[in-house]
Amino acid sequence: MADDKKLTTRAADFSAWYNEVVLRSELADYSPVKGCMVIRPNGYGIWERMQRALDDMFKATGHQNAYFPLLIPESFLKKEAEHVEGFAPEAAVVTHGGGKELEEPLVIRPTSETIIYHMFAKWVQSYRDLPLLINQWANVVRWEMRTRLFLRTTEFLWQEGHTAHATHDEAEEETRKMLGVYRDFMEGYIAMPVITGQKTNAEKFAGALRTYSCEAMMQDNKALQAGTSHNLGQNFAKAFELKFQTESGGTEFAWNTSWGVSTRMVGGLVMTHGDDNGLRVPPLLAPIELVIVPIYRKDEERAEVLEAAHRIAKSLGAWDRRETARIRVHIDKREGIKPGAKYYEWELRGVPLRLELGPRDIAANQGVLVRRDTREKKAVSLDTLGEDVAECLSTMQRDMFAAALDRRGANTYRDPMPYDQFRQLMDGQGGFVYAGWCGDEACEAAVKEETKATIRNIPDEEFRSVEAPTSCLKCGNDAKHEALWAKAY
RNA sequence: CGGGACGUAGCGCAGCCCGGUAGCGCACCUGAAUGGGGUUCAGGGGGUCGCGGGUUCAAAUCCCGCCGUCCCGACCA
């Protein structure tokens, strides 16, 4: 039945649409263990490109990769009071090994602060050993009550940076620097605009002094926390005796930071750019940037068209699909599937560009180039194909960011808003509301209770309005903070 | 753990009320034709009807129990 092939539209049911896109575009599949996720090659290819770009950015800012164990002694988690309170409820614990009950249970890392700072304590003696700038690519496990593909899975892949510094100010600078790296990555690569800012105490990381986040708006007008950066102060240093000798001979606890982004970003990509035909992948993250769909009837035509397709792929620099290739090209040589069916399939998978190539084109020394984002078709000469494709890809990257930014702008409210109106908005179409907050956690909690909306963060300067909100969204008293309110994933 | 829905082929579902040889669409396999926006025809493979018990000559269908999944809430990158 033709209806079976159609996606649920985003407007009809955003959640159903999201799940269908993730499953049908072969980003991921459900695993036998509930809450876990199998990331398929198409999805992993995107994650791999994210990793590569971020890894370069981390190295450029002086960080080195290392690897720490999956299993952490339970006692480690308990050394920092806030930390254990935050993570104990969602810990997965190993109690048996080698056929025997273990003397001490081992926790599967929900995050690696404890084991990393335990090791840092051994490595750091002097101020000369600082700063220590480490990153780890790893999987972590958090036993969440409810999961969603990519957005909240029991096990997820991430990157966690951990650093140690001699002073608070240096740690703070690092925390902010890495938040900026995240913003640059998310906007530059995922083409997903984010609002950076500081988390409130209620929302900050368990054990941190301060937490900063990148908040993005999804197409259902809900916020996605896409990355966080924490200034941990000396909390973990004190718990793990991470001390160093200062230049003047005294002993001080080090100052730590940690920061992470995860496979959740793939979900953010889908919910930022997907449309009613499926996924749209920003060119910089697309495992395949251009798919060639050959069109032919007779065997002679088939030979001719495929020969031309291979020649084109080779000239675009992607003959063997190595990463050194200039443009990542795939030729869809499958037999027995009509071109139209192939178009739908590659659109569903989000490949940015498609080149339709048939006997008529070859006779005219051209191909038909189709953009995934606009579905716009144009005939291009095969002589200048490389330049045209490269230009088109970078245009798409920019256009996708601009479109996402426009959409966010249209659903962000900066004018003073009565609380009743806010409630209605959160009950209906949602969006980001920039409004004052008196600083009282009771107001924050009441808003959450009544509307499910929370303070996503206290936005940084660049997002703020010229005229700051003057009163608290909830109680109307004088505002101490300018806050970004929204319902979140 | 509270509220709702549902378990029948890989996926999506019908059949159940009113018991009588297991069905449909998609996908898959074979063959032929087709091929510039989801091809058509013909043939084919595939199911302990979630599990256990009961009623009955006979249970996917009726009854009891259990298990599981999904959605809504509490938790969260």
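Because the structure is predicted, anything quoted here is derived from the model rather than measured. Chain A is the first sequence line, chain B the second, and so forth, proteins listed ahead of strands; every chain is numbered from 1.
Here B:rC75 sits opposite no nucleotide as a Watson-Crick or G-U wobble pair (both hydrogen-bonding atom distances under 3.5 Å). Searching all strands for a Watson-Crick or G-U wobble partner of B:rA59 with both distances below 3.5 Å returns nothing. Pair assignment for B:rG45: none, as no Watson-Crick or G-U wobble contacts are both less than 3.5 Å. Pairing for B:rG50 is with B:rC66, a Watson-Crick or G-U wobble pair whose two hydrogen-bonding atom distances lie under 3.5 Å. In this structure B:rU34 sits in no base pair that meets the Watson-Crick or G-U test at under 3.5 Å. Base-pair partner of B:rG25: B:rC11 (Watson-Crick or G-U wobble, both distances under 3.5 Å). Shown here, B:rC18 forms no base pair; nothing in the strands shown gives a Watson-Crick or G-U wobble contact with both key distances under 3.5 Å.
Remark: the separation of the P atoms in B:rG12 and B:rU69 is 15 Å, to the nearest Å. Across B:rA5 and B:rC75, the matching P atoms stand 25 Å from one another, rounded to whole Å. When the P atom is used for both B:rG36 and B:rU30, the distance is 22 Å, rounded to whole Å. Of the C1' atoms belonging to B:rC67 and B:rG25, the separation is 30 Å, rounded to the nearest Å. When the P atom is compared between B:rC17 and B:rC62, the two are found 5 Å apart, to the nearest whole Å. Remark: the separation of the C1' atoms in B:rG19 and B:rU61 is 6 Å, to the nearest Å. Comparing the same atom, C1', in B:rG3 and in B:rG50 gives a spacing of 23 Å after rounding to whole Å. Nucleotides B:rC70 and B:rG65, compared at atom C1', are 22 Å apart to the nearest Å.
Across all strands, A:L151 comes closer than 4.0 Å to base atoms (heavy-atom distances). Nucleic acid contact for A:Q225: sugar-phosphate only, since backbone atoms but no base atoms lie under 4.0 Å from a heavy atom of the residue. Looking at heavy-atom distances under 4.0 Å, A:R148 makes no contact with the nucleic acid at all. Contact annotation for A:G358: base contact, defined as any heavy-atom pair under 4.0 Å involving a base atom. Residue A:G336 is in base contact, counting any heavy-atom pair closer than 4.0 Å across all strands shown.
Residue A:K452 has its side chain nearest to B:rG73 when only B:rA77, B:rG73, B:rG35 are considered. Here B:rG36 is the nucleotide among B:rA77, B:rC75, B:rG36 with the atom lying nearest to any side-chain atom of A:V368. For A:R360, taking side-chain heavy atoms from C-beta onward, the closest of the listed nucleotides B:rA77, B:rG37, B:rG36 is B:rG36. With B:rA77, B:rG37, B:rG36 as the candidates, the nucleotide lying closest to the side chain of A:I295 is B:rG36. Of the listed nucleotides (B:rG36, B:rA77, B:rG38), B:rG38 has the atom at the smallest distance from the side chain of A:A341. Taking the side chain of A:K34 as heavy atoms from C-beta on, and the options B:rG38, B:rC70, B:rG36, the nearest nucleotide is B:rC70. Set against B:rG37, B:rA77, B:rU39, the side chain of A:T153 has B:rA77 as its closest nucleotide. Nearest to the side chain of A:K338, among B:rG35, B:rG37, B:rC75, sits B:rG35.
Across the protein-nucleic acid pair, A:E335 atom CD and B:rG31 atom C1' stand 15 Å apart, rounded to whole Å. For A:K487 and B:rC75, the NZ to C1' distance is 17 Å, given to the nearest whole Å. B:rA77 atom C1' lies 10 Å from atom CZ of A:F205, rounded to whole Å. Going from atom CG of A:N457 over to atom P of B:rA77 covers 14 Å, rounded to whole Å. Atom CG of A:L23 is separated from atom C1' of B:rA27 by 15 Å (rounded to the nearest Å). Distance CD (A:E20) to C1' (B:rG12): 11 Å, rounded to an integer number of Å. Look at CZ on A:R24: it is 12 Å from P on B:rG12, rounded to the nearest Å. Taking atom CD1 on A:I292 and atom P on B:rG36, their separation rounds to 18 Å, with Å as the unit.
A:R354 forms a cation-pi arrangement with A:Y343, by the criterion of a distance under 6.0 Å to the ring centre and an angle within 45° of the ring axis. Cation-pi check for A:K78 over A:F76 is not met; the charged atom does not lie both under 6.0 angstrom from the ring centroid and within 45 degrees of its normal.
A salt bridge links A:R176 with A:D460: at least one charged nitrogen is closer than 4.0 Å to a carboxylate oxygen.
Note on A:K342: every side-chain N or O is 4.0 Å or more away from OP1 and OP2 of B:rG35. Side-chain nitrogen and oxygen atoms of A:K377 include none within less than 4.0 Å of the OP1 or OP2 phosphate oxygen of B:rG36.
The aromatic ring centroids of A:F463 and A:Y434 lie less than 6.0 Å from each other. Outside the 6.0 Å centre-distance limit, the rings of A:H165 and A:W255 are not counted as a close aromatic pair.
Just one residue in the list A:D275, A:D220, A:D276 forms a salt bridge (charged side-chain N to carboxylate O under 4.0 Å, His left out) with A:R10, and that residue is A:D276.
The aromatic ring of A:Y343 is not stacked on the base of B:rG37, since the criterion of ring centres less than 5.5 Å apart with planes inclined by under 30° is not met. Stacking annotation: A:F156 is stacked on the base of B:rA77 (ring centroids less than 5.5 angstrom apart, interplanar angle below 30 degrees).
Note on ring orientation: taking the six-membered ring where Trp is involved, the planes of A:H230 and A:F205 are parallel (angle under 30°, cut-offs 30° and 60°).
Of all non-hydrogen atoms in A:A313 and A:V329, the two that sit nearest each other are CB-CG1, 4.1 Å.
Residues A:R354 and A:P89 each lie close to RNA chain B; by heavy-atom proximity, the contact nearer the 5' end of the strand is made by A:R354. Two residues, A:M145 and A:N19, neighbour RNA chain B, and the one matched to the more 5' nucleotide by heavy-atom proximity is A:N19.
The base of B:rG37 is paired with the side chain of A:E347 by a donor and an acceptor separated by under 3.5 Å. Counting atom types as modelled, A:R302 pairs no side-chain N or O with a base atom of B:rG35 as donor and acceptor under 3.5 Å.
Rounding to the nearest 0.5 Å places OH of A:Y419 at 12.0 Å from CG of A:L425.
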